[in-house]
Number of protein chains: 2
Amino acid sequence: MSGMERADAARNRARILEAAALLFAEKAPQDVTMDDIAKKAGVGRGTLYRRYPDRASIAVALLDEHERELQERLLRGEPPLGPGAPAAERLAAFYAAMVGLLEGHRHLVLGSEVGRSRFETGAYGFWRAHVRVLVVAAGVPGPDALVDVLLAPLAPEVYGYQRSVLGLTPEQITEALTRLTKTLDPGP
Amino acid sequence: MSGMERADAARNRARILEAAALLFAEKAPQDVTMDDIAKKAGVGRGTLYRRYPDRASIAVALLDEHERELQERLLRGEPPLGPGAPAAERLAAFYAAMVGLLEGHRHLVLGSEVGRSRFETGAYGFWRAHVRVLVVAAGVPGPDALVDVLLAPLAPEVYGYQRSVLGLTPEQITEALTRLTKTLDPGP
DNA sequence: AGTGAACCGGACAGCGTGTCCACATAGCTG
DNA sequence: CAGCTATGTGGACACGCTGTCCGGTTCACT
């Protein structure tokens, strides 16, 4: 069958992912070369390129399950993250959850954006759709422009700068983000 | 004297800047190679590298005067951009001015960030200091984290995505940004 | 076991970067 | 105006990374 993956292929995929995770953890994404990954995983370049055309796809694969879990909770989890709470509270909960995600997997998120921009990743589309629903629910006029504005501070470069250079804590950042929910209040 | 620039050097600097401006205008920053610029300017690679170690420095040089002008107006211009108006209004004026800058020189701003991140550029430090003053003036507790959050939507990638992919107008984007000034309102 | 298909891995060519140095030229000096 | 020196110039060079390609190998099924 074409849907079945051969045993050796599966084993190599696992080794690649494991090696990539280690490398992404120890140095900046743009300094991790495809050669490094192949070397550390003990496979040849061709094998690596067969499945993953670039670094980004590897990081995406590593990130996938974590993002999936959060996406699931947004869609069907308990309020305030899931449906049922007021838009502003859901947005605040989303921010807190995203800070958690960034804190745990910053290098991976950063790695998933090498070469292409974050807007081209599938995940951005999901976050965008989610926040858009909240903005619309709050009755904000012209919601489209606001969505990306609200999502912008979650760019990994911004978070990394705040954490590593400025030395801010996740709590401080979350608090500042929570302040953004004021934009959903009815107003002029 | 060591402070004096030789005439031929000055002429070549002008040719390099002119060539780079044309190239940045016609294609994406990462597709403009140092070779392209040297070729178009009619100088050798060595000459190019002598003054500008990378693409970013060239874009910064091109951007310099535009940013300087805005910085001047922020410091000493008329309210609401300059001093004298309430913090929220000054922030709104700053956003509007930055949209103008991005709209006019998006490729340059983008180009000034190849390789390094925008936080390392001198300009970011200036915008940061300015917004920080406004946030502090508004009496927001824990201002530091909020500053970068407020600055994040001005990242050229975000603006470019909103304009080119989403098809939003500068006015729509400015309006959404203006909504962010609500974060300066006194609150819980 | 035998067979076809999928998979593996290293070699290869192309591209961009950044450095280096022999040569040329500007601008000072007598 | 001619000689001198520091500065500027330009192209050749070596290196590292990318992405592709193909001969050989291994798996899974019969």
Side-chain angles (χ1 to χ4, degrees), chain A residues 1-20 22-24 26-62 107 110-117 120, chain B residues 1-20 22-24 26-62 107 110-117 120:
Chain A
M1 276 302 278
S2 61
M4 193 50 192
E5 182 182 42
R6 258 168 56 168
D8 55 344
R11 179 170 42 81
N12 276 342
R13 148 172 291 139
R15 298 174 73 175
I16 289 171
L17 255 28
E18 185 186 4
L22 290 173
L23 288 169
F24 277 131
E26 81 187 36
K27 50 180 169 177
Q30 64 270 28
D31 294 339
V32 178
T33 78
M34 291 299 252
D35 251 339
D36 290 337
I37 300 174
K39 228 26 173 303
K40 188 140 193 165
V43 303
R45 298 179 59 66
T47 306
L48 187 53
Y49 273 101
R50 163 170 292 274
R51 295 209 186 49
Y52 304 107
D54 50 40
R55 279 183 296 269
S57 359
I58 304 182
V60 167
L62 286 168
H107 20 272
L110 222 34
S112 72
E113 296 177 13
V114 274
R116 52 182 167 214
S117 78
E120 296 168 38
Chain B
M1 276 303 279
S2 60
M4 194 48 194
E5 182 183 41
R6 256 169 54 170
D8 54 345
R11 178 172 41 82
N12 276 342
R13 147 173 290 137
R15 298 175 72 174
I16 289 172
L17 254 27
E18 184 186 4
L22 290 172
L23 287 169
F24 277 131
E26 80 187 37
K27 52 180 167 177
Q30 64 269 29
D31 293 341
V32 178
T33 77
M34 290 299 252
D35 251 339
D36 290 337
I37 300 174
K39 229 25 174 303
K40 188 139 192 167
V43 303
R45 296 178 60 66
T47 306
L48 186 53
Y49 274 100
R50 162 171 293 273
R51 296 207 185 53
Y52 305 107
D54 49 40
R55 278 185 296 268
S57 356
I58 303 182
V60 167
L62 285 169
H107 19 270
L110 223 33
S112 71
E113 295 176 12
V114 274
R116 53 182 166 215
S117 79
E120 296 168 37

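Keep in mind the model is a prediction, meaning the values are calculated, not measured. Proteins come first, then strands; the chains are lettered A, B, ... in the order of their sequence lines, and each starts at number 1.
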**Q** Among residues 38-50 of chain B, which ones have heavy-atom contacts with DNA chain D below 4.0 Å?
**A** V43(B), G44(B), R45(B), G46(B), T47(B), R50(B)
**Q** Expressed in angstrom and rounded to an integer, what is the separation of M34(A) atom CE from dC8(C) atom P?
**A** 14 Å
**Q** With sequence neighbours excluded, what pairs up with K39(A) under the side chain to side chain contact (heavy atoms under 4.5 Å, CB included) test?
**A** none
**Q** How would you list, by chain and number, every residue that makes a side chain to side chain contact (heavy atoms under 4.5 Å, CB included) with A28(A), sequence neighbours excluded?
**A** Q30(A), D31(A)
**Q** So, do R15(A) and N12(A) sit near enough that their side-chain heavy atoms are less than 4.5 Å apart?
**A** yes
**Q** I16(A) CD1 to dC8(C) P: how many Å, rounded?
**A** 8 Å
**Q** Taking side chain to side chain donor-acceptor pair (under 3.5 Å) as the test, write out the residues that go with T33(B), two or more places apart.
**A** D36(B)
**Q** Rounded to the nearest angstrom, tell me the gap between atom CZ in R55(B) and atom C1' in dT17(C).
**A** 9 Å
**Q** Could I get the full list of side chain to side chain donor-acceptor pair (under 3.5 Å) partners for R116(B), not counting sequence neighbours?
**A** none
**Q** Going by side chain to side chain donor-acceptor pair (under 3.5 Å), name the residues that satisfy it together with R6(A), two or more places apart in sequence or in a different chain.
**A** D8(A)
**Q** When you measure from the side-chain N and O atoms of R13(A) to the phosphate of dC7(C), is any distance below 4.0 Å, counting only OP1 and OP2?
**A** no
**Q** I need the CG-P distance between L23(A) and dC17(D), as an integer number of Å.
**A** 13 Å
**Q** For the pair made of OH in Y52(A) and P in dT20(D), what is the distance, rounded to whole Å?
**A** 17 Å
**Q** Below 4.0 angstrom from OP1 or OP2 of dC7(C), is there any side-chain N or O of N12(A)?
**A** no
**Q** For A10(B) and for D54(A), locate the closest nucleotide of DNA chain D by heavy-atom distance; then report the residue assigned to the nucleotide nearer the 5' terminus.
**A** A10(B)
**Q** Let me have the donor-acceptor pairs involving side chains of residues 52-61 of chain A, under 3.5 Å, with sequence neighbours excluded, atom names and distances please.
**A**
unit_1	atom_1	unit_2	atom_2	d
D54(A)	OD1	A56(A)	N	3.3
D54(A)	OD1	S57(A)	N	3.1
D54(A)	OD1	S57(A)	OG	2.7
R55(A)	NH1	V32(A)	O	3.0
S57(A)	OG	D54(A)	N	3.4
S57(A)	OG	D54(A)	O	3.0

**Q** Counting side-chain heavy atoms from CB outward, which of dG27(C), dT18(D), dC8(C) is closest to R51(A)?
**A** dC8(C)
**Q** Would you kindly give the CG-to-P distance between D36(A) and dT18(D), to the nearest whole Å?
**A** 9 Å
**Q** Between N or O atoms, less than 3.5 Å apart, protein on one side and nucleotides 23-25 of chain C on the other: list the pairs.
**A**
unit_1	atom_1	unit_2	atom_2	d
dT25(C)	O2	R6(B)	NH1	3.4
dT25(C)	O2	R6(B)	NH2	3.3

**Q** Find the distance between CG (L23(A)) and CD (E18(A)) and round it off to the nearest 0.5 Å.
**A** 10.5 Å
**Q** Can you sort out the partners of R51(A) under salt bridge (Lys or Arg N to Asp or Glu O under 4.0 Å), two or more places apart, ordered by chain and number?
**A** E5(A)
**Q** In whole angstrom, what separates I37(B)'s CD1 from dG10(D)'s P?
**A** 15 Å
**Q** If you pin R11(B) and D31(B) to their nearest nucleotides in DNA chain C, which one's is more 5'?
**A** D31(B)
